**Q** 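Sharing a structure, written as C-alpha cells. Questions coming.
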Amino acid sequence: MSTRGNLVDSPPPNRHAQRNGGSKRTSRRLLAAGVAALVTLWAHASLADNPIIQTKYTADPAPLVYEDTVYLYTSHDEDNAVGFTMYNWMLYTSSDLVNWTDHGMIGGVKDPYKTFKWSDGVNAWAPQVIARNGKFYLYAPFPKGGHMVIGVAVADQPTGPFVDALGQPLIDNPNSSNDIDPTVFVTDDGQGYLYWGHQPSVFYVKLNQDMISYSGSIVQVTRPQTYEEGPWFFQRNGQYYLAFASTCCPEGIGYARSSSATGPWTFAGSIMDGNAKSSGNHPGIIDFKDGSYVFGFDYAVQLEREGSKLGERRSVCVEKFEYGADGSIPKLPFWSDTGAPQLGTLNPYVKTEAETIAWAWDVKTETCSEGGMDVTDIQNGDYIKVKGVDFGTGAQSLDVRAASAGNGGKIEVHLDTQTGKLVGTCAVAGTGGAQTWATTSCAIDGTASVHDLFLVFTGGSGSLFNFNWWMFHGSSGDGMPAGGAAGMGGSPATAGAAGAGIAGGTGRGGAGGGGISGVSGVSGSPAAGAHSDGGRTGLGGNAPMVAGAGAAGASAGAHGGAPGAEAGGQPGGAPSGQLGGAPGTGGSATGAAGLPNQTTVEHPGGCGCSVPRADAGRSTSLGGLASLLGLHIARLRWRRARKRSQA
C-alpha cells in the first residue's frame with residue numbers, strides 16, 4: 001500500500017505529497033483533443049484489460065487461488081478520496097484472469113458494515129485472506145484507539161460474511177505505528193506465518209493451527225534492502241519469498257529470498273521499478289493454471305477519468321511472468337495496458353452476472369435486491385466489455401435482466417469493439433422501480449466463433465436502468481462451444497444471507513475431455529429470498545457440461561421470490577421456463593428455435609414486455625459514428641457539470 005503518515009482521512013503530511021490539480025477538476029483529455037483523439041482514446045479504453053477493475057477504485061490486491069478460481073481481495077478508495085479514504089474491503093473473482101466478477105464488500109470498519117465493532121471506523125487498509133481448516137481467515141489493519149492494529153475475521157466461504165474472530169486485535173502494540181499490511185501463508189510443513197510492517201520495522205509471528213492466535217513472541221527481522229511496506233510472503237519449490245513495496249517514492253516492487261521461513265532475508269532484486277503513474281505499490285503473487293502472476297496498482301483509471309491525479313484513487317493491475325531456472329523473478333516493465341492473457345474463453349450460454357467485466361466505462365456496481373450485485377449508474381454511451389466469448393456456431397437470442405425507474409433504454413450487442421458489428425438490440429422498458437426486475441429477450445444473429453462482447457447502453461438523459469444478468473441461447477445446443485468455455489458470474493452471499501453459491505468456474509475440455517460449466521457453490525442453502533444462482537452445483541444447472549453436448553439447464557436460483565422460482569433447462573440448451581416465473585414453476589416457455597418479430601415475456605408483479613426483433617443486417621456507418629461521438633462528448637460535458645454541482 002502507498003505509504004501513510006497519519007491515521008485520519010486526510011493526505012499524509014510528509015512521505016506522499018498529494019499532487020492535486022485543485023478543487024476544480026481538469027477537463028478530460030477526451031474533450032480537449034477533438035473527435036480524432038476521442039476515437040483513439042475511446043478505442044484504447046475499450047481494448048485495455050489493465051487495470052482489471054474500473055467500476056470502483058481498488059488497491060492492495062491480495063489474490064487467493066481456491067478451487068480453480070482466483071479470489072481477489074482488495075482495499076477500496078472512495079470516489080472522492082484525496083488522502084487514504086478507505087472504509088471497506090472488496091472481492092472480485094475470475095477463472096480466466098481477464099473477466100472479473102464483482103462480489104461487493106466482504107468487510108468494513110464503518111457503520112453499518114462494521115466487521116470489527118471496536119475499530120475507530122476509518123482506514124481499512126491492505127487485507128489478505130487464506131483458506132485453512134475448511135474456513136477462510138481475513139487479516140486486516142485499521143486503527144483502534146488512534147494506533148494501527150491487525151484484526152482477524154473468519155468465514156465459512158471465501159465470499160463471507162466475515163465475522164470478527166476475537167472481539168479484539170490479534171496484533172496490538174500501542175507504542176507502534178508500523179503494524180500494517182499483514183501477509184499470511186502456511187508453509188509446506190503446516191506452519192502458518194503472519195508477516196507485516198512498515199519500514200524500518202518488519203515483523204512476524206508463528207500462527208497456531210486455529211489461525212486466530214500465535215505462539216511465542218513477535219519477532220522483528222532485519223529490514224531487507226529497499227523494503228518500504230506491503231509485504232507478500234510465500235513459499236515456492238522449497239524457497240521462501242518476501243516481496244514488498246520498495247524504494248519510496250514512487251514505490252516499485254522488490255523482493256528478498258531465504259532458505260528459511262524466518263529469514264535471514266537476502267535482497268534479490270526489483271520486480272518492478274517505481275513510476276510516477278503510481279506513488280505507491282503493493283504486490284500479490286500467485287501461481288495459477290499455466291503461469292505465475294503479480295498484482296499491484298496504479299492511477300490509470302483516475303488519470304483517464306479525471307485527466308490528472310486528484311488523490312489516492314488507485315486501480316488494481318496484473319501481469320504474467322516466468323520464474324528463472326534458479327527461482328528468480330525477472331524485472332518487469334511498469335503495469336501494461338494489456339495485462340495478463342486470457343485463460344480459456346467464456347461460455348455465453350450460462351447465466352452471466354452483468355458485473356462480470358473485462359472493461360467498463362462510467363458504470364458502477366451496487367448490492368442487488370435479488371442477491372449479489374448489479375450494474376448501475378448506466379447512462380447513454382456507457383458500455384461493458386466481456387473478453388473472449390465463445391459463441392460456437394452462433395447465438396439466436398439473448399435474455400437480459402434489468403430494472404428501470406424511468407423510461408429504460410436499449411442494450412446494443414456489438415462484437416469486438418463498442419462500434420463493431422451489431423448483432424442485436426434488447427429494448428429495456430421501464431419497470432416501475434430501480435430494483436423492480438424484469439427479463440427481456442431479443443433476437444441475435446451473426447455471433448459465430450470467439451469474440452469480445454460489447455454491451456453498449458443507449459437512451460435518453462440521466463440514469464437509464466440497472467442491469468443484473470444476461471444469457472444467450474442457441475438452437476438445440478448448436479450454439480454451445482465444444483468442451484465447455486469458462487463460465488463466469490454467480491451471485492455471492494450477502495450479509496445475513498447464508499451460503500449463496502459461487503457459480504461459474506472454468507469449463508475445461510476440448511481435446512481430452514468434457515468440461516464443467518461451473519465450480520461448486522461453496523456453502524449450503526440460502527435464506528429465503530436470497531439469490532442462490534446454482535447453490536451447491538454451480539451456475540448453469542445441476543449437471544456438468546460435457547464436451548460437444550448441449551448445456552444443462554438454466555439457473556436454479558430464485559429471481560424475485562423464494563428459491564425455486566424457475567425450472568432447470570433441458571439438455572441441449574432449450575430452457576424449459578422463462579426466468580422470473582412464479583415460485584416453484586417453470587414460467588412461460590420460450591421457443592428454442594428462434595423468436596418471432598415480437599416476443600412477449602410475462603413477469604409476475606410486472607408487465608409483459610414486447611421486444612421488437614433486431615435487424616441483424618444493421619451496421620454502423622461513419623455518419624452514425626460521428627453522431628455517437630457527438631453524443632458521447634455531450635454526455636461527458638453534462639456529467640462533468642453534474643458532478644461539479646454535487647461537489
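Worth saying up front: this structure is predicted, and the values here are computed from it rather than measured.
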**Q** Consider only side-chain N and O atoms of Asp49 and Thr338, and report whether a donor and an acceptor are under 3.5 Å apart.
**A**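 No, Thr338 and Asp49 have no side-chain donor paired with an acceptor closer than 3.5 Å.
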**Q** Go through the steps for Glu370 and Asn468 under the test side chain to side chain donor-acceptor pair (under 3.5 Å), then give the verdict.
**A** CA-CA 9 Å; Glu370 294 189 321; Asn468 191 1; 2.8 Å; yes
**Q** Judged by modelled atom types alone, do Asp399 and Thr439 share a side-chain donor-acceptor pair under 3.5 Å?
**A**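 No, no side-chain donor-acceptor pair sits under 3.5 Å.
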**Q** Apply the side-chain contact (heavy atoms from CB on, under 4.5 Å) test between Asn99 and each candidate in Ile357, Leu453, Thr356; give the one that qualifies.
**A**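 Of all the options given, the one that passes is Thr356.
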**Q** Between atom CZ of Phe295 and atom CD1 of Ile52, what is the distance when rounded to the nearest 0.5 Å?
**A**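 Taking CZ in Phe295 and CD1 in Ile52, the distance rounds to 5.5 Å.
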**Q** Under the criterion side chain to side chain donor-acceptor pair (under 3.5 Å), which of Arg313, Lys364, Lys56 is the partner of Asp79?
**A**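 It is Lys364; the other options fail the test.
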**Q** Measure up the Tyr73 and Tyr71 rings against each other and bin them: parallel (under 30°), tilted (30 to 60°), perpendicular (over 60°).
**A**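 Ring orientation, 0 to 90° scale: parallel.
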**Q** Can you find a heavy atom in the side chain of His103 that is under 4.5 Å from one in the side chain of Pro158?
**A**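 No, every pair of side-chain atoms sits at 4.5 Å or beyond.
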**Q** Answer yes or no: is there an ion pair linking Asp96 with Lys387, defined by an N-O contact shorter than 4.0 Å?
**A**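 A salt bridge is absent here (no side-chain N lies under 4.0 Å from a carboxylate O).
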**Q** Is any side-chain heavy atom of Asp362 closer than 4.5 Å to a side-chain heavy atom of Arg305?
**A**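 Yes; the side chains approach each other to less than 4.5 Å.
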**Q** What do the steps show when you test Thr159 against Leu91 for side chain to side chain contact (heavy atoms under 4.5 Å, CB included), and what is the final call?
**A** CA-CA 7 Å; Thr159 54; Leu91 171 62; 3.7 Å; yes
**Q** When you compare the side chains of Ser369 and Trp437, does any donor N or O come within less than 3.5 Å of an acceptor on the partner?
**A**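 A donor-acceptor contact under 3.5 Å links the two side chains.
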**Q** Please determine, by modelled atom types, if Thr58 and His76 share a side-chain donor-acceptor pair under 3.5 angstrom.
**A**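 Side-chain D/A pair, Thr58 to His76: absent.
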**Q** Would Leu310 and Gln302 count as a side chain to side chain contact (heavy atoms under 4.5 Å, CB included) if you check the C-alpha gap in whole Å, the side-chain angles of each, and the deciding distance to 0.1 Å?
**A** CA-CA 8 Å; Leu310 302 182; Gln302 179 185 186; 3.6 Å; yes
**Q** Walk me through whether Thr419 and Phe454 qualify under side chain to side chain contact (heavy atoms under 4.5 Å, CB included).
**A** CA-CA 9 Å; Thr419 57; Phe454 283 79; over 6 Å; no
**Q** Does Leu398 reach the side chain of Cys426, with side-chain heavy atoms less than 4.5 Å apart?
**A**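 Of all side-chain heavy-atom pairs linking Cys426 with Leu398, at least one is under 4.5 Å.
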**Q** Check for a donor-acceptor pair, side chain of Ser75 on one end and backbone N or O of Ala59 on the other, with a separation under 3.5 Å.
**A**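 Yes; at least one donor-acceptor contact below 3.5 Å.
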**Q** Verify salt bridge (Lys or Arg N to Asp or Glu O under 4.0 Å) between Lys320 and Asp290, making sure each step is shown before the conclusion.
**A** CA-CA 10 Å; Lys320 184 178 181 180; Asp290 72 335; 3.2 Å; yes
**Q** Do Thr55 and Glu355 make a side-chain contact, defined as non-hydrogen atoms from C-beta onward lying under 4.5 Å apart?
**A**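 Thr55 vs Glu355: side chains apart.
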**Q** Taking all heavy atoms of Phe465 and all of Ala402, pick out the closest pair and write down the distance.
**A**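 The answer is CD1-CB, 4.3 Å.
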**Q** Which class fits the ring pair His451 and Phe391: parallel under 30°, tilted 30 to 60°, perpendicular over 60°?
**A**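 Because their plane-to-plane angle lies in the 30° to 60° range, the rings of His451 and Phe391 count as tilted.
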**Q** Where do Pro51 and Val301 come nearest, in terms of heavy atoms and distance?
**A**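 Residues Pro51 and Val301, closest heavy atoms: CG-CG2, 3.8 Å.
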**Q** So, for Gln435 and Thr367, which heavy atoms are closest and what is the spacing to 0.1 Å?
**A**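 That would be NE2-O, 4.2 Å.
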**Q** So, the side chain of Gln396 versus the backbone of Gly394: is there a donor-acceptor pair under 3.5 Å, distance only?
**A**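 Judged by distance alone, no pair lies under 3.5 Å.
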**Q** Can Glu366 and Asn466 be counted as having a side-chain donor-acceptor contact under 3.5 angstrom?
**A**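 There is such a pair (donor and acceptor under 3.5 Å, judged by atom type) between the side chains of Glu366 and Asn466.
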**Q** Look up atom OH in Tyr383 and atom OG1 in Thr417, then write down how far apart they are to the nearest 0.5 Å.
**A**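 Going from OH on Tyr383 over to OG1 on Thr417, the span is 10.0 Å.
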**Q** Check whether any side-chain heavy atom of Leu415 sits under 4.5 Å from a side-chain heavy atom of Val423, and report yes or no.
**A**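 Answer yes - side chains close enough.
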**Q** Where the side chain of Glu78 meets the backbone of Ala81, is there a donor-acceptor pair that is under 3.5 Å apart?
**A**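 No; judged by distance alone, with no hydrogens or angles, the pair does not exist.
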**Q** Indicate yes or no for a side-chain donor-acceptor contact from Thr345 to the backbone of Asp390 under 3.5 Å, with no hydrogens or angles considered.
**A**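 Here the side-chain-to-backbone pair does not exist.
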**Q** Less than 4.5 Å apart, side chain to side chain, heavy atoms only: is that true for Leu97 and Val318?
**A**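 No, too far: nothing below the 4.5 Å cut-off.
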**Q** Is Gln54 reaching over with its side chain to a backbone N or O of Ala360, donor-acceptor style, under 3.5 angstrom?
**A**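 It does hold such a pair.
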**Q** I'd like to know if the side chain of Lys421 reaches the main chain of His414, judged simply by a donor and an acceptor atom lying under 3.5 Å from each other, with no hydrogens or angles considered.
**A**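 Side chain of Lys421 to backbone of His414, a donor-acceptor pair under 3.5 Å: no, none is there.
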**Q** Evaluate the criterion side chain to side chain contact (heavy atoms under 4.5 Å, CB included) for residue pair Ser441 and His473; output intermediate values, then yes/no.
**A** CA-CA 10 Å; Ser441 297; His473 299 278; over 6 Å; no
**Q** Could you tell me if the side chain of Phe297 sits less than 4.5 Å from the side chain of Ser315, heavy atoms only?
**A**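 SC-SC contact between Ser315 and Phe297 ruled out.
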**Q** Taking only Lys NZ, Arg NE, NH1 and NH2, and the carboxylate oxygens of Asp or Glu, determine whether Arg401 and Asp374 approach each other closer than 4.0 Å.
**A**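 No salt bridge links Arg401 with Asp374.
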**Q** Would you say the side chain of Cys368 lies within less than 4.5 Å of the side chain of Met373, judging by non-hydrogen atoms?
**A**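 Met373 vs Cys368: side chains apart.
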**Q** Among side-chain atoms of Glu319 and Asn50, is any donor-acceptor pair under 3.5 angstrom?
**A**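 Their side chains do contain a donor-acceptor pair, which is all the 3.5 Å distance test asks for.
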**Q** Looking at Val70 and Pro63, what are the two nearest heavy atoms and their distance?
**A**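 The pair with the smallest heavy-atom distance is CG1-CB, 4.0 Å.
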**Q** List the atom of Ala438, the atom of Thr431, and the distance in Å for their closest heavy-atom pair.
**A**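 Looking at all heavy atoms of both residues, the shortest contact is CB-CG2, 3.9 Å.
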**Q** In Å, rounded to the nearest 0.5 Å, how long is the span from CG of Asn407 to OG of Ser461?
**A**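 Nearest 0.5 Å value for the CG-OG distance: 9.5 Å.
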**Q** Going from CD1 on Ile411 to OG1 on Thr458, what distance comes out if it is rounded to the nearest 0.5 angstrom?
**A**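 Output value for this atom pair is 9.0 Å.
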**Q** Which pair of heavy atoms, one from Tyr349 and one from Gly474, lies closest together, and at what distance?
**A**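 Scanning both residues, the minimum pair turns out to be CE2-N, 3.5 Å.
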**Q** Where the side chain of Asp377 meets the backbone of Val363, is there a donor-acceptor pair that is under 3.5 Å apart?
**A**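 Judged by distance alone, no pair lies under 3.5 Å.
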**Q** Give the ring-plane orientation class for Phe457 versus Phe467, where under 30° counts as parallel, over 60° as perpendicular and anything between as tilted.
**A**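 The arrangement is perpendicular - the two ring planes meet at more than 60°.
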**Q** Do Arg314's NZ or CZ and the ring of Tyr57 fall within the cation-pi criteria of under 6.0 Å and 45°?
**A**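 So Arg314 doesn't make the cation-pi contact.
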**Q** To the nearest 0.5 angstrom, please state how far the CD atom of Gln379 sits from the CG atom of Leu464.
**A**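 These two atoms lie 7.0 Å from each other.
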**Q** Out of curiosity, Leu455 CG to Lys385 NZ, how far, rounded to the nearest 0.5 Å?
**A**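 Those atoms lie 12.5 Å apart.
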